[in-house]
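Worksheet: one structure, shown below.
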Amino acid sequence: MKLVTWNMNYWQQNGTNDQAWDYLTSSVCPDVAFLQETVVPERFTEMAIFHESETCKTTELPKWGTCLYFSENILKTGSISDVTDKYIDSEKHKGKQVFVEFESNNGTSITLCSLHTNTSPDGIYTIRSHIESIFNATVLSSKSRFIIGGDFNADTVMVNGFFSDIFDKIGLHFHECCPVYSQTFFGANMSEENHYQDDHIFVSKDLSIAVEKTFSWNYGKVKNYSDHTILETKINI
């Protein structure tokens, strides 16, 4: 199963959103995509579960948000259901996370979460609170067949290690698929000396032995469509 996470930067690059989706589905070809800051084109709406974000500008039509996309091949092997309210108060962080349960035709299931951490109104403190809300007691007690991917707006070295203890705690229960630091966000002020790995994919420890190659699409057309790269991992399940 090929998994990718990608912040598609709709609010700044909405004119290329359809081309970004074509690139995602035709060139990257994921089985499952954890997507943030996007609008789902009509032709893909039945293949995605989407929540409109509370942080998108009210003047924007349509409004962007967070979603999980599933390929046709995956949907042929099972069904998807939105279980966001089971894991978090979705009104508190409206449209900033989507939890989906995929149940295969043979009766096995896996829970996935696309995350776009909240960056307002209290900056890094809001981000930290949201990450802690996502990795809450319900999630941690699930323990098995759980995958969380997305734009965390944080990495272990940001703000002199402000977030490092959170990632340490997550590491007690989850395996990070790309543990080697890799630049995934390219803002206007980013450089080799000042960059972030905002984007992450975590799997519950029972899936860690199934993780194969993980890498960042830090090249090619991807940079035409977003200020984030695509982070990919393959899991043998």
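- Applying the side chain to side chain donor-acceptor pair (under 3.5 Å) test to Arg128 and every residue at least two apart in sequence or in another chain returns Asp165.
- Shortest non-hydrogen contact noted between Cys178 and Ser182 is SG-CB, 4.3 Å.
- Put simply, the side chain of Leu24 reaches to within 4.5 Å of the side chain of Pro30, judged on heavy atoms.
- In this structure, the separation between CD1 on Ile131 and CD1 on Ile170 is 6.0 Å, given to the nearest 0.5 Å.
- Remark: side-chain polar atoms of Lys92 are not paired, donor with acceptor, to backbone N or O of Ser133 under 3.5 angstrom.
- For the pair Thr16 (side chain) and Ala20 (backbone), a donor-acceptor distance under 3.5 Å is absent.
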Report task. I would like to know whether Thr111 and Glu103 meet side-chain contact (heavy atoms from CB on, under 4.5 Å); could you show each step before the answer? Result -> CA-CA 9 Å; Thr111 305; Glu103 185 167 353; over 6 Å; no

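- Annotation: Phe174 is in aromatic contact with Phe135 [ring centroid separation under 6.0 Å].
- Applying the ring-ring contact (aromatic ring centres under 6.0 Å, His included) test to residues at least two apart or on different chains, the pairs with a partner in residues 101-125 are Tyr125-Phe162.
- For Thr119, the side chain to side chain contact (heavy atoms under 4.5 Å, CB included) partners are Ile127, Asn153, not counting sequence neighbours.
- For the ring pair (Phe, Tyr, Trp, His ring centres under 6.0 Å) test, residues two or more places apart in sequence or in another chain that qualify with Tyr87 are Phe99, Phe146.
- His51 and Asp82 are linked by a side-chain donor-acceptor pair at a separation below 3.5 angstrom, with hydrogens and angles left out of the test.
- Between Asp206 and Ser204, the closest heavy-atom pair is OD1-OG, 2.5 Å.
- Residues Val222 and Tyr23 meet the side-chain proximity criterion, which asks for heavy atoms closer than 4.5 Å.
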Report task. Give the intermediate values and the outcome of side-chain contact (heavy atoms from CB on, under 4.5 Å) for residues Ile201 and Ile148. Result -> CA-CA 6 Å; Ile201 300 175; Ile148 298 177; over 6 Å; no

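- Every residue two or more places apart in sequence or in another chain that forms a side chain to side chain donor-acceptor pair (under 3.5 Å) with Thr184 is listed here: Asp199.
- In this structure, CE in Met47 is found 6.0 Å from CG in Leu75, a value given to the nearest 0.5 Å.
- Counting only distance, with no hydrogens or angles, the side chain of Ser208 and the backbone of Lys205 share a donor-acceptor pair below 3.5 Å.
- For Ile237, the side chain to side chain contact (heavy atoms under 4.5 Å, CB included) partners two or more places apart in sequence, or in a different chain, are Met1, Ile110, Leu207, Ala210, Ile235.
- For Thr25, the side chain to side chain contact (heavy atoms under 4.5 Å, CB included) criterion is met by Trp21, Phe44, Tyr69, not counting sequence neighbours.
- Two residues are said to be in side-chain contact when any heavy atoms from C-beta on lie closer than 4.5 Å; Lys96 and Ser53 meet this criterion.
- Between Lys234 and Asp31 no salt bridge is recorded (no basic side-chain N to carboxylate O distance below 4.0 Å).
- With contacts defined as side-chain heavy-atom distances shorter than 4.5 Å, the pair Thr117/Leu115 qualifies.
- Nearest heavy atom pair, residue Gly78 against residue Asn105, reads CA-OD1, 3.4 Å.
- At least one side-chain heavy atom of Phe185 sits under 4.5 Å from a side-chain heavy atom of Asp227.
- With sequence neighbours excluded, the residues that form a side chain to side chain contact (heavy atoms under 4.5 Å, CB included) with Asn73 are Ser71, Lys76.
- In this view, Asp198 satisfies the side chain to side chain donor-acceptor pair (under 3.5 Å) rule with no residue, not counting sequence neighbours.
- A donor-acceptor contact shorter than 3.5 Å links the side chain of Arg145 to the backbone of Ser109.
- Atom CG of Asn160 is surrounded by 12 or fewer heavy atoms from other residues, nucleotides or ligands within 6.0 Å.
- Within 6.0 Å of atom CG in Leu172, more than 12 heavy atoms from other residues, nucleotides or ligands are found, so the atom counts as buried in its surroundings.
- The aromatic ring centroids of Phe167 and His200 lie less than 6.0 Å from each other.
- The two residues Pro179 and Glu176 come nearest to each other via the heavy atoms CD-O, 3.5 Å.
- Side-chain contact between Leu35 and Leu68 is absent, with no heavy atoms from C-beta onward closer than 4.5 Å.
- Distance SG/Cys67 to CD/Gln97: 13.5 Å, rounded to 0.5 Å.
- Partners of His130 under the ring pair (Phe, Tyr, Trp, His ring centres under 6.0 Å) rule, at least two apart in sequence or in another chain, are His93.
- Using modelled atom types, one finds no donor on one side chain facing an acceptor on the other under 3.5 Å when comparing Ser114 with Thr66.
- Residues Leu112 and Val32 have side chains in contact (heavy-atom distance under 4.5 Å, counting atoms from C-beta outward).
- Here CD of Glu101 is found 5.0 Å from OG of Ser81. Values are rounded to the nearest 0.5 Å.
- Side-chain contact check for Val98 versus Phe50: every heavy-atom pair is 4.5 Å or farther apart.
- To the nearest 0.5 Å, the span separating CZ on Phe215 from CG on Leu231 amounts to 9.0 Å.
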Requested in this report: Test side chain to side chain donor-acceptor pair (under 3.5 Å) on Ser216 and Thr229 and set out the steps.
Outcome: CA-CA 7 Å; Ser216 175; Thr229 90; 2.6 Å; yes

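- For the pair Trp64 and Val39, the tightest heavy-atom approach, listed with the atom from each and the gap, is CA-CG2, 3.7 Å.
- Here Lys223 pairs with Asn218 under the side chain to side chain donor-acceptor pair (under 3.5 Å) rule; sequence neighbours left out.
- Between Phe163 atom CZ and Ile124 atom CD1 the span is 5.5 Å, to the nearest 0.5 Å.
- A donor-acceptor contact shorter than 3.5 Å links the side chain of Thr214 to the backbone of Cys177.
- Shown here is Lys94, whose NZ atom has no more than 12 heavy atoms of other residues, nucleotides or ligands within 6.0 Å.
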Please tabulate, one pair per line, all N/O donor-acceptor pairs under 3.5 Å involving side-chain atoms of residues 2-9, not counting sequence neighbours.
from, atom 1, to, atom 2, distance (Å)
Lys2, NZ, Val28, O, 2.7
Thr5, OG1, Phe34, O, 3.3
Thr5, OG1, Gln36, NE2, 3.4
Thr5, OG1, Gly150, N, 3.2
Trp6, NE1, His228, O, 3.1
Asn7, OD1, Asn9, N, 2.9
Asn7, ND2, Glu37, OE2, 3.4
Asn7, ND2, Asp151, OD2, 2.9
Asn9, OD1, Trp11, NE1, 3.4
Asn9, ND2, Gln12, OE1, 3.3
Asn9, ND2, Gln13, OE1, 2.6

